[in-house]
Q: 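Dropping the structure in here first, questions after.
Heavy-atom basis, side chains included; hydrogens, waters and symmetry copies ignored. Counting convention: from 1, in listed order, for ligands and their atoms alike. Here the structure is a predicted model, which is why all the values come from computation and not from measurement.
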Amino acid sequence: MSKNHWHYPRTEFTDRTFKLLVNGPVSALRMFGPRRTGKTWFLTNDLAPRFEMYGHRVVYANFWQIVSSPLAVMLYSCDQALRKQTFAERLLQRVQPKVELSGLGAKLELDLTSEAEGTTPPDQLLWLDQYLDRLADPKKPTLLMFDEFQEIALASGSDALMAALRTGLDTRQDGLVAVFTGSSEAGLNALFSAENAPFFRYGQRWDLPMLDDDFVRHQLKAYTRSGGADIPFDEARAVFEKYDNSPMYFRDWLTVRLADPSLDAAAAQDAVEKAIEDSAGFRDTWLQISGPQRATLRLVADGVGQLFGEEAQTHLAGIGLTHRPTGDQINAAIQGLNRKKHKSIVKWQNRWHVRDSFFAAWVRRRGPEEF
Ligand SMILES: Nc1ncnc2c1ncn2[C@@H]1O[C@H](COP(=O)(O)OP(=O)(O)OP(=O)(O)O)[C@@H](O)[C@H]1O
Ligand SMILES: [Mg+2]
């Protein structure tokens with residue numbers, strides 16, 4: 001038996017998205033949304049197959065997938081899309097550490113494992129332009145999907161790349177359509193709302209609809225088909241809602257129940273929460289940062305507007321912190337949290353935000369003794 005019965009197709013939304021991009025007045029969408037709601041899944045399991053079914057080429061670049069420069073990721077993904085393999089075959093394929101690209105009457109060797117720092121090589125930008133040109137097709141526009149796109153802005157020396165990409169897309173609007181998404185809403189917002197940046201208000205905002213009861217019913221069927229014992233619908237729906245309608249946690253919960261049928265609903269939830277915490281490495285990050293940094297992170301997670309003044313001090317006192325950081329310490333903590341190593345906060349619309357909303361929720365749950 002395959003695993004396909006677990007996939008819940010978002011048929012109506014896929015139709016709408018496909019039609020808008022292929023026949024509509026826009027050629028780029030930015031899909032923001034809360035974490036773990038199925039953005040990546042939608043792109044790779046619904047939208048890409050739909051484009052491919054109608055004979056369009058599909059590029060999927062995930063800027064987290066490979067530790068390398070964003071430009072290398074982009075070139076690699078474009079190159080893959082021009083090959084004969086189907087999208088599904090490409091997704092299954094292991095990324096090779098070194099790849100040789102050919103074009104422009106020359107060869108270019110990319111090392112996808114080296115973390116490139118510094119500026120973007122101008123000759124490689126020419127390669128990008130050449131790839132976009134080869135991919136552009138006004139009869140069957142190629143779909144470019146950029147996942148974890150916020151990482152581009154965080155990579156050093158990426159301004160030239162962003163400008164080149166923006167120009168490359170603008171000049172080929174009939175032949176290329178794009179969807180931008182990522183796991184950090186604050187990071188993406190910062191990128192698309194920075195006034196002087198190339199992607200300022202670029203594309204149409206496009207929200208992934210929240211999954212509803214139909215999804216719960218569908219997953220319960222898949223669960224029974226995989227051998228699970230009956231779960232009452234209301235019990236399942238309550239769990240789904242508790243996890244903010246996130247398909248992933250609901251699915252983890254069903255998996256725990258499949259693995260250990262003796263667990264009841266609540267015990268399975270405990271197991272899921274423990275697993276989330278361990279896998280996300282939140283505690284590790286917490287242990288690596290200083291006391292003032294933890295307090296500052298909490299202020300940001302709680303959405304306190306003025307980090308240096310009275311409001312912040314009162315807020316921290318309210319949580320029960322006896323050792324409260326001074327304004328200077330908070331200032332230094334912000335710099336530290338925003339540095340490359342953690343980058344746990346980003347500035348957007350003149351306010352700091354925690355990049356990962358799950359981490360923010362985790363920080364909010366810490367008691368005063370943990371600071
Ligand atoms: N339509 C669906 N049918 C079945 N399972 C789904 C569906 N959408 C999402 N899921 C499940 O939820 C998981 C998380 O989805 P996904 O990784 O796409 O979320 P995301 O919004 O991209 O998360 P992040 O914000 O971290 O990038 C998937 O791995 C899959 O198990
Ligand atoms: Mg994702």
Q: Which word best sums up how the rings of Phe282 and Phe359 line up, parallel for under 30°, tilted for 30 to 60°, or perpendicular for over 60°?
A: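 Tilted.
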Q: Less than 4.5 Å apart, side chain to side chain, heavy atoms only: is that true for Asn4 and His7?
A: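 No; the side chains remain at least 4.5 Å from each other.
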Q: Counting only nitrogen or oxygen atoms and a 3.5 angstrom limit, does Trp41 reach ligand 1?
A: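 Yes, Trp41 has an N/O under 3.5 Å of an N/O on ligand 1.
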Q: For atom 26 (O) of ligand 1, what's the nearest protein heavy atom and its distance?
A: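 The protein heavy atom lying closest is Arg36 NH1, 2.7 Å.
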Q: Taking transitive links into account, so neighbours of neighbours count too, which hydrophobic residues share a cluster with Leu21 at under 4.5 Å side-chain distance?
A: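 Phe13, Phe18, Leu20, Val22, Val26, Leu29, Met31, Phe42, Leu43, Leu47, Phe51, Met53, Tyr54, Val58, Tyr60, Phe87, Leu91, Leu143, Met145, Val177, Val179, Trp206, Leu208, which link up through side-chain heavy atoms under 4.5 Å apart, make up the rest of the cluster.
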Q: What protein heavy atom lies closest to atom 17 (O) of ligand 1? Include the residue and the distance to one decimal.
A: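 The protein heavy atom lying closest is Thr40 CB, 4.1 Å.
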Q: In terms of residue, atom name and distance, what is the protein heavy atom nearest to atom 21 (O) of ligand 1?
A: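 Nearest protein contact, heavy atoms only, for atom 21 (O) of ligand 1 is Lys39 NZ, 2.7 Å.
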Q: Treating Asp46 as the side-chain partner and Pro9 as the backbone partner, does any N or O pair qualify as donor plus acceptor under 3.5 Å?
A: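 No, Asp46 side chain to Pro9 backbone: no donor-acceptor pair under 3.5 Å.
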Q: With a cut-off of 2.8 Å, which protein N/O/S atoms are close to the Mg ion (ligand 2), if we only count those under it?
A: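 The answer, once waters are left aside, is Thr40 OG1.
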Q: For atom 27 (O) of ligand 1, what's the nearest protein heavy-atom neighbour? Residue, atom name and distance, please.
A: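 Heavy-atom neighbour on the protein nearest atom 27 (O) of ligand 1: Ser183 CB, 3.2 Å.
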Q: Using a 4.5 Å cut-off between side-chain heavy atoms of Ile, Leu, Val, Met, Phe, Trp and Tyr, which other residues end up in the same hydrophobic cluster as Phe200?
A: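 Noted: Phe200 shares its cluster with no other residue.
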Q: Is there a polar contact between ligand 1 and Gly38, counting only N or O atoms under 3.5 Å apart?
A: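 For ligand 1, there is an N or O atom that lies under 3.5 Å from one belonging to Gly38.
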Q: Any idea which protein heavy atom is nearest atom 14 (C) of ligand 1, and the distance to it?
A: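 Nearest neighbour among protein heavy atoms for atom 14 (C) of ligand 1, to 0.1 Å: Met248 CB, 3.7 Å.
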Q: Answer whether the closest heavy-atom distance between the side chains of Val239 and Tyr249 falls below 4.5 Å.
A: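 Result no, sub-4.5 Å side-chain heavy-atom pair not found.
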Q: What part of Trp6, side chain, backbone, both or neither, has a heavy atom within less than 4.0 angstrom of ligand 1?
A: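 Within the 4.0 Å criterion, Trp6 contacts ligand 1 through backbone atoms alone.
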Q: State, yes or no, whether a side-chain contact exists between Trp41 and Pro247 at a heavy-atom distance under 4.5 Å.
A: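 Answer no - side chains too far apart.
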Q: Do Val346 and Leu307 land in one hydrophobic cluster if side-chain heavy atoms of ILVMFWY residues count as linked below 4.5 Å?
A: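 As far as the 4.5 Å side-chain criterion goes, Leu307 and Val346 are not connected within one cluster.
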Q: Any idea which protein heavy atom is nearest atom 5 (N) of ligand 1, and the distance to it?
A: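 For atom 5 (N) of ligand 1, the nearest protein heavy atom comes out as Arg251 NH1, 3.0 Å.
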Q: For ligand 1, which atoms have a heavy atom of Glu148 less than 4.0 angstrom away?
A: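 So the answer, numbered in order with elements, is 27 (O).
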Q: Taking the side chain as every heavy atom from C-beta outward, state whether Leu211 and Phe250 have any pair of such atoms under 4.5 Å apart.
A: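 The answer is no; the side chains never approach within 4.5 Å.
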Q: I need the full list of ring-ring contact (aromatic ring centres under 6.0 Å, His included) pairs touching residues 297-329, with sequence neighbours left out, sorted by first then second residue.
A: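 The answer is none; no pair qualifies.
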Q: Please write down residue, atom name and distance for the protein heavy atom closest to atom 10 (N) of ligand 1.
A: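 Scanning the protein heavy atoms, the shortest distance from atom 10 (N) of ligand 1 goes to Pro247 CB, 3.6 Å.
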Q: Residue-level breakdown please: for Arg35 versus ligand 1, do any non-hydrogen atoms fall below 4.0 Å on the side chain, on the backbone, on both, or on neither?
A: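 For Arg35, the contact with ligand 1 is made by both the backbone and the side chain.
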Q: Taking Arg351 for its side chain and Lys347 for its backbone only, find out whether a donor-acceptor pair lies under 3.5 Å.
A: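 Not a single qualifying donor-acceptor pair exists.
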Q: Taking side chain as C-beta onward, heavy atoms only, is Arg201 less than 4.5 Å from Phe192?
A: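 Heavy-atom side-chain distance check fails, nothing below 4.5 Å.
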Q: Looking at atom 3 (N) of ligand 1, what's its closest protein heavy atom, distance included?
A: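 Answer, as residue, atom name and distance: Tyr8 N, 2.9 Å.
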Q: Hey, is ligand 1 close enough to Asp46 that some N/O pair sits below 3.5 Å?
A: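 Checking ligand 1 against Asp46, no N or O pair falls under 3.5 Å apart.
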Q: With heavy-atom distances below 4.5 Å as the criterion, would you say the side chains of Ser226 and His5 are in contact?
A: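 Touching, per the 4.5 Å side-chain cut-off.
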